[in-house]
Structures are given as C-alpha cells and as structure tokens.
**Student:** 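Structure incoming, see below.
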Amino acid sequence: MTTSAKLWVRLPLGALSGLLAGFAALAVAELVSAAVRPQAGPLTAVGGAAIDRTPTPVKDWAIRHFGEDDKLVLQLGILATLAALAIVLGVVALRFRRVGAAGVLIFGVIGATAALTRPDSTGFTDALPSVVGAVVAAVLLYYLIGRLTRPPRADRATADADSDRGAGWDRRGFVIGASAAAVASLGVGALGRYLTGNASQAAVESRNAVRLPAPASPAPPLPAGTQLKVPGISRFTTPNKAFYRVDTALVVPKVDADTWRLRIHGRGVARPVTLTFEDLLRRELIERDITLTCVSNEVGGPYVGNARWLGVRLADVLAEAGVRPPSKGGPADQLVARSVDGMTLGSPVEAAMDGRDAMLAVGMNGQPLPFIHGFPVRMLIPGLYGYVSACKWIEDIELTTFADYDPYWVKRSWARRAPIKTQSRIDVPKPLSRSKAGTVMVAGVAWAQHRGIDRVQVQVDDGPWRDADLATEANIDTWRQWSFPWKATPGSHTLTVRATERGGQVQTEKRTGTVPDGASGWPSVVVTID
C-alpha cells in the first residue's frame, strides 16, 4: 500500500478519533456535572449562553418555527457543531498532534467560561465539568492519534530502515484504545445520567408528597355555556400536558419543595421576608381561572392557555413585608422576580397590588404545579404578558424601580410594561381545510385579560362584519369562546375575526410582530368549500 493510500485510510480514523474524544468529553462532563449540578454541564451552559446572546428577532423566529421544540433544535445544533469541530481537530491532529489536543482544551475553556458567567452560577465548581471533560478528551485524542502516526514498537526498526517513518501505524493499539474509549464513555455517560436522575429524585418525591389544601376562596363553578359544543374548538380549561411552555431553560429545574425558599426584600420593604413552601400552604389560598399569554404568540398563535390556579395572594405577602404601591407613596414601582435558573422578570408593583388576583401559585388544575410550569411556586399577574408577570421556579422578589434595573427581556429590546393586547383566534375551520357547502361552524377564542371580551365579529371575504355568538363568560381574566354559523358557498374564502373588549376598544387591524410588546392584527384563515 502506498503512503498516499495509507493517508486516506488514516483520515477517517483521525476523524473518528476526534469524535471519540468529543464523546468522552461530554460523557465525563455529564458525570462531573452530576456531582456539581446539572446546569453546569457544557451542553447546558453553552446552550444557555447561546440563548442569552441570540438576537431577539432570531429567538422570535425560532419560537415561531420550532415552537416548544426550539430548545431541542438548539441542543442538536450544538451537538452537530461540536461533532464537526471534533472531526476537524482529529484530522488536524494527524499532522499536528499537540495542536489537536490543545484545540480540545480550548473548547473546555469556552465551556467553563460559559458555565461561570451564567446568571445562576454558584462559583468556580461550575467550571469543573467542562475542564475535566476537556482534559480527558485531549489526553484521549493525543493517545489515539499516536497510535495512527507511529508504528507498533516491533515494527519501528523496519519503518526507519524503509525511510517511511509514519507509513505504518499501530492497528492493534488503535482498535483497542478506540473500543475501550467508546465503551468507557458510554458507561460514564450512563452513570452521569443515573446520578443526575437520583439528584432530582428528592424534588420528585417532594412534589409527590404535596397535598394541596382546600382554598379559603375557591373559584366559582364554571357557568353553564362556558364551553361551546363545537368540534375542534379549544377546551376552556387547558389540560396541564397541553399547556404551552415558553422559557429559556435547557434543563427544567427540579426544585425540592422541602428546601425551597422565597426571599422578599429591596426598596420600600420594611420587613424582609423569607418563606418556605409550607408557609405558603398554611396561608389562606385562593383559586382562580386565569388565562396566560406569551408575548411571543403570533396573531392567531398557540401560546395562550387557561387553567385553574391555586395560590397565595401576592398583594397580601407584599403588604406583610411593608410594601406600598406607588399610588400610596411606595418608593418602588418595579417588582423583580428571580427564578432558580437566574431568569429575571420585572412587573409593575401597582399591578401586583391593585386588587386583581395576582398570586404566588402552588397548584394548577387541581394538582401541584408540574415541573415544567414552575414547581414548587410560580408567580401570576392577570392581564400582563408572561415575560413580565409569570416567573416560574421563583425564589426571590426584589422591590426596585424601572429606572434602576432592566430585567432579562428588557435588556433584549422587549417593553418594560406589557399589558396583554385584545386578541382572537379561529380554531375551526383549520387553515386550507375543505368543507362541503352549507352551514359551516366557525369558532374560536378571544381574550383581553383583566378587561373582558364583549363582542366578536366575523368577516367572510370582503363582506360585512357579523356578530358571532359568545359563550358564557367565566370572568374577565379568562378567554371567551365564540361561534358563528356560516352559510358557506362553493369556492375559496377568507375568514377573518376581530374582538371588542369591555369598554368598546376594538382589536386593531394594524399588523405588528411580537417585539417589543406583543403581536397585533386580525387573524384569518383561507378555506375551500366544495
């Protein structure tokens, strides 16, 4: 075999060496992060840093196109990028062995830096998963490339005599080393996953042990007619599993309710407070039906849902800490809520204390909060988009001012104050669907939280606006269903809907994107009638 031919054999083996080194790095990092904390792993840390530094329009595009799979897509993208770079380093190392190993160490430094600069970083130990993983990978790559560029000891004299140093390679040593590395990485990675699962088991057990008390102020029974009997329309109460999720957490925090604490402090707080989960459960609980909406929801989009929430009045907790709203002379006009993963949300103090059912929620649809929706405690303020009102996994409330502090999303070009805009949606018929001529039911939901919906109208093509039939209203903080029996004629038709909130303000026709304070415009669908 010629030297050139042997080189082409080694190129894919060099690439394989890089991939094995990268796999080993992630596996070892997984194990170390299980001992440190799962959020310190390089994939999570780098992914979080990528989310933080991604321009707002790109984030909005990702949510719009990938929905709740946006984090999975990001992680797969990071893995694909790391795999490509590992292949490059493996090939480079065939000629520059130390350079390839040094390149692996550089990526370890990048991962460590990302972990240390995360908002929830707990200190230098967060760097350990990336550093230890990179060192192991660098050593492994150096070893494997050594087997590809040096003949076995017994053949070196022959290789030197033939003046073809490096033409031979240690096949047996490479195969044994590569196989051992692959098996060991699989074992180490599996052990890391197992230990991480055990570490979160306490949180799972604490949630399983929760028995939600009966509310002192239960939600009224839903009035008859709240749920329309129209096939395909959204359920009035969104099941927990179907409730939308939009956040920046690559790893869903699993917090032990037994060790959870909420601290309330800051400007105008006369008596700083620290609460446990049991403290909240012993208080008077309220139960309310409240619709939440994400500011990333496009016109007619899916990021809105309604649930029955159980919790403690936020205004009562703030008042006990001595907080006064600005209208009563309080020095703070912004409430900054912090979650265990470092997320910060800024809410108007006035909205939290003006009599609406703002709460620290502990239950959702009769169950303890699911982990993805904020267990053990999340905040809710009706009438405001989630990014300023619905902090999940909350652990800290600081009273400050809008002038003094910009929370996470405000730093990324979103508005400081974000009341939910009047919106509507067509659930049926679906876009581009086909129906037979005759009566076709057009139906959907409309919402203007904390103001209420008084009217919904439907337009067919360029015809007149016609009033839809409204379902019974549960309360002004929930969405409202509507239906319209349309006498459909053959052809292609455009159906458009608009809502009017209490007080007479009509949903605006002006089409805007989600940034900076929520989308606006009339939703429409095109259907074909046979």
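All heavy atoms count here, side chains included; hydrogens, waters and symmetry mates do not.
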**Student:** Taking the six-membered ring for Trp, are W465 and W522 parallel (under 30°), tilted (30 to 60°) or perpendicular (over 60°)?
**Tutor:** perpendicular
**Student:** Using side-chain contact (heavy atoms from CB on, under 4.5 Å), reason through T259 and T276 one step at a time and then give a plain yes or no.
**Tutor:** CA-CA 8 Å; T259 60; T276 68; over 6 Å; no
**Student:** What I want to find out is whether D404 reaches R267 closely enough, with some N-O distance under 4.0 Å, to be called a salt bridge.
**Tutor:** yes
**Student:** For D477, is there any backbone N or O sitting under 3.5 Å from a side-chain donor or acceptor partner on N475?
**Tutor:**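 A pair under 3.5 Å: yes.
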**Student:** When you look at I78 and Q75, which way does the side-chain contact (heavy atoms from CB on, under 4.5 Å) test go after all the steps?
**Tutor:** CA-CA 5 Å; I78 292 174; Q75 289 176 313; 5.6 Å; no
**Student:** Can you tell me how far apart OG (S524) and CD1 (I426) are? Round to the nearest 0.5 Å.
**Tutor:**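 Here the interatomic distance stands at 6.5 Å.
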**Student:** Is it the case that T528 and S492 place a side-chain donor and acceptor less than 3.5 Å from each other?
**Tutor:**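 Absent: no donor and acceptor within the cut-off.
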**Student:** Do the charged groups of K71 and D69 touch, with an N to O distance under 4.0 Å?
**Tutor:**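 No salt bridge links K71 with D69.
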**Student:** Can you check whether V460 reaches W486 side chain to side chain, under 4.5 Å on heavy atoms?
**Tutor:**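 Sidechains of W486 and V460: in contact.
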**Student:** Let me confirm one number: the CG-NE2 distance from D461 to H493, rounded to the nearest 0.5 Å.
**Tutor:**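 Separation between the atoms: 6.0 Å.
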**Student:** So which heavy atom on V317 is nearest to which on R283, and how close?
**Tutor:**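 Smallest interatomic distance, heavy atoms only, reads CG2-NH1, 4.2 Å.
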**Student:** Mark yes when over 12 heavy atoms from residues, nucleotides or ligands other than R193 sit less than 6.0 Å from its CZ; otherwise mark no.
**Tutor:** no
**Student:** With a 4.5 Å heavy-atom cut-off, do Q39 and S33 have their side chains touching?
**Tutor:** no
**Student:** Could you pull out the closest heavy-atom pair between R288 and P218, with the gap in Å?
**Tutor:**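 Closest approach of R288 to P218: NH1-O, 3.9 Å.
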**Student:** So W414 and Y387, would you call those rings parallel, tilted or perpendicular, with 30° and 60° as cut-offs?
**Tutor:**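 If you compare the ring of W414 with that of Y387, the planes turn out tilted.
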**Student:** Atom CZ of R308 and atom CG of N240: how far apart are they, to the nearest 0.5 Å?
**Tutor:** 13.0 Å
**Student:** Hey, is CZ on R466 packed in by over 12 heavy atoms from elsewhere, all under 6.0 Å?
**Tutor:** no
**Student:** Closer than 3.5 angstrom, by distance alone: can the side chain of R378 be matched with the main-chain N or O of H373 as a donor-acceptor pair?
**Tutor:**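 Here the side-chain-to-backbone pair exists.
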**Student:** Looking at Y405, I'd like to know if the NZ or CZ of R416 sits under 6.0 Å from its six-membered ring centre while staying within 45 degrees of the ring's axis.
**Tutor:** no
**Student:** To check you understand the geometry: which heavy-atom pair defines the closest contact between N365 and T238, and what is its length?
**Tutor:** ND2-O, 2.9 Å
**Student:** Taking atom CZ of R338 and atom CD1 of I394, what is their separation to the nearest 0.5 Å?
**Tutor:** 10.5 Å
**Student:** Counting only heavy atoms not in R282 (residues, nucleotides, ligands), do more than 12 fall under 6.0 Å from its CZ?
**Tutor:** yes
**Student:** When you measure from the side chain of T500 to the backbone of D454, do you find a donor-acceptor pair of N or O atoms at a distance under 3.5 Å?
**Tutor:**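 No: the side chain of T500 does not pair with the backbone of D454.
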**Student:** Measure from the side-chain N and O atoms of W479 to the backbone N and O of G305, and report whether any donor-acceptor pair falls under 3.5 Å.
**Tutor:** no
**Student:** Who pairs with H450 by ring pair (Phe, Tyr, Trp, His ring centres under 6.0 Å), at least two apart in sequence or on another chain?
**Tutor:**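 Here no residue qualifies.
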**Student:** Minimum heavy-atom separation for Q481 to S234, with atom names?
**Tutor:** NE2-O, 2.7 Å
**Student:** Provide the closest heavy-atom pair for D406 versus F402 in the form atom of the first, atom of the second, distance.
**Tutor:**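 It is OD1-O, 4.0 Å.
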**Student:** State the CG-CD distance between D120 and E395, to the nearest 0.5 angstrom.
**Tutor:**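 One gets 9.0 Å once the value is rounded to the nearest 0.5 Å.
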**Student:** If we ignore hydrogens and angles and just use 3.5 Å, is the side chain of T117 paired with the main-chain N or O of T113 as donor and acceptor?
**Tutor:**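 Yes; judged by distance alone, with no hydrogens or angles, the pair exists.
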**Student:** Flag the pair L310 / I286 as yes when at least one side-chain heavy-atom distance between them is below 4.5 Å, and no otherwise.
**Tutor:** no
**Student:** Establish, yes or no, whether the cationic atom of R245 lies under 6.0 Å from the six-membered ring centre of F243 and within 45° of the ring axis.
**Tutor:**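 No.
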**Student:** Does the side chain of V445 come within less than 4.5 Å of F236's, by heavy atoms?
**Tutor:** no
**Student:** Would you say that L292 contacts W447 through its side chain, given a criterion of any heavy-atom pair below 4.5 Å between the two side chains?
**Tutor:** no
**Student:** Does atom CG of D462 have more than 12 heavy-atom neighbours from other groups under 6.0 Å away?
**Tutor:** no
**Student:** Mind listing the closest non-hydrogen atom pair of F484 and D467 along with its distance?
**Tutor:** CD1-O, 3.8 Å
**Student:** Taking K421 for the side chain and G518 for the main chain, is one N or O donor matched with an acceptor at less than 3.5 Å?
**Tutor:** yes
**Student:** Using side chain to side chain donor-acceptor pair (under 3.5 Å) as the criterion, point out the one residue from Q505, R502, R498, E501 that pairs with T422.
**Tutor:**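 The residue from Q505, R502, R498, E501 that satisfies side chain to side chain donor-acceptor pair (under 3.5 Å) with T422 turns out to be E501.
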**Student:** Enter the distance from E320:CD to I264:CD1 here, rounded to the nearest 0.5 Å.
**Tutor:** 8.5 Å
**Student:** Strictly by modelled atom types, are T293 and Q449 linked by a side-chain donor-acceptor pair under 3.5 Å?
**Tutor:** yes
**Student:** Would you say Q334 and P407 make side-chain contact, with heavy atoms under 4.5 Å?
**Tutor:** yes
**Student:** Taking the six-membered ring for Trp, are F375 and W393 ring centroids under 6.0 Å apart?
**Tutor:**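 No, they do not, as the ring centres are separated by 6.0 Å or more.
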**Student:** Show the numbers, then the answer: is there a side-chain hydrogen bond (donor to acceptor under 3.5 Å, both in side chains) between S520 and T508?
**Tutor:** CA-CA 7 Å; S520 67; T508 180; 5.4 Å; no
**Student:** Go through it in stages, so that I can follow the logic: the residues are D469 and W482, the test is side-chain contact (heavy atoms from CB on, under 4.5 Å), and I'd like the CA-CA distance, side-chain angles, deciding distance and then a yes or no.
**Tutor:** CA-CA 5 Å; D469 297 320; W482 58 268; over 6 Å; no
**Student:** I'd like to know if the side chain of R511 reaches the main chain of V299, judged simply by a donor and an acceptor atom lying under 3.5 Å from each other, with no hydrogens or angles considered.
**Tutor:** no
**Student:** Quick one: does D517's side chain have a donor or acceptor within less than 3.5 Å of a partner on A415's backbone?
**Tutor:** no
**Student:** Quick one: does any side-chain atom of D52 pair with a main-chain N or O of A49 as donor and acceptor, under 3.5 Å?
**Tutor:**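 Here the side-chain-to-backbone pair does not exist.
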**Student:** Has S121 got a side-chain atom pairing as donor or acceptor with R118's backbone, closer than 3.5 angstrom?
**Tutor:** no
**Student:** Does the side chain of D289 come under 3.5 Å of the side chain of T478 through a donor N or O and an acceptor N or O?
**Tutor:** no
**Student:** Quick one: are V295 and Y303 in side-chain contact, heavy atoms under 4.5 Å?
**Tutor:**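 The answer is no; the side chains never approach within 4.5 Å.
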**Student:** Taking the side chain as everything from C-beta on, heavy atoms only, tell me whether V442 gets closer than 4.5 Å to V428.
**Tutor:**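 SC-SC contact between V442 and V428 ruled out.
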**Student:** Would you call K392 and D247 a salt bridge, taking side-chain N to carboxylate O under 4.0 Å as the test?
**Tutor:**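 The answer is yes: the pair qualifies as a salt bridge.
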**Student:** Kindly determine whether I290 and M359 satisfy side-chain contact (heavy atoms from CB on, under 4.5 Å), including the steps that lead there.
**Tutor:** CA-CA 11 Å; I290 298 172; M359 69 171 76; 4.0 Å; yes
**Student:** Is there a donor-acceptor contact under 3.5 Å linking the side chains of Q507 and S424?
**Tutor:** yes
**Student:** Is Q201 atom CD crowded by more than 12 heavy atoms from other residues, nucleotides or ligands, each under 6.0 Å away?
**Tutor:**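 Atom CD in Q201 is packed in, count exceeds 12.
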**Student:** Under the rule for side-chain contact (heavy atoms from CB on, under 4.5 Å), what residues qualify as partners of P431, not counting sequence neighbours?
**Tutor:** V525
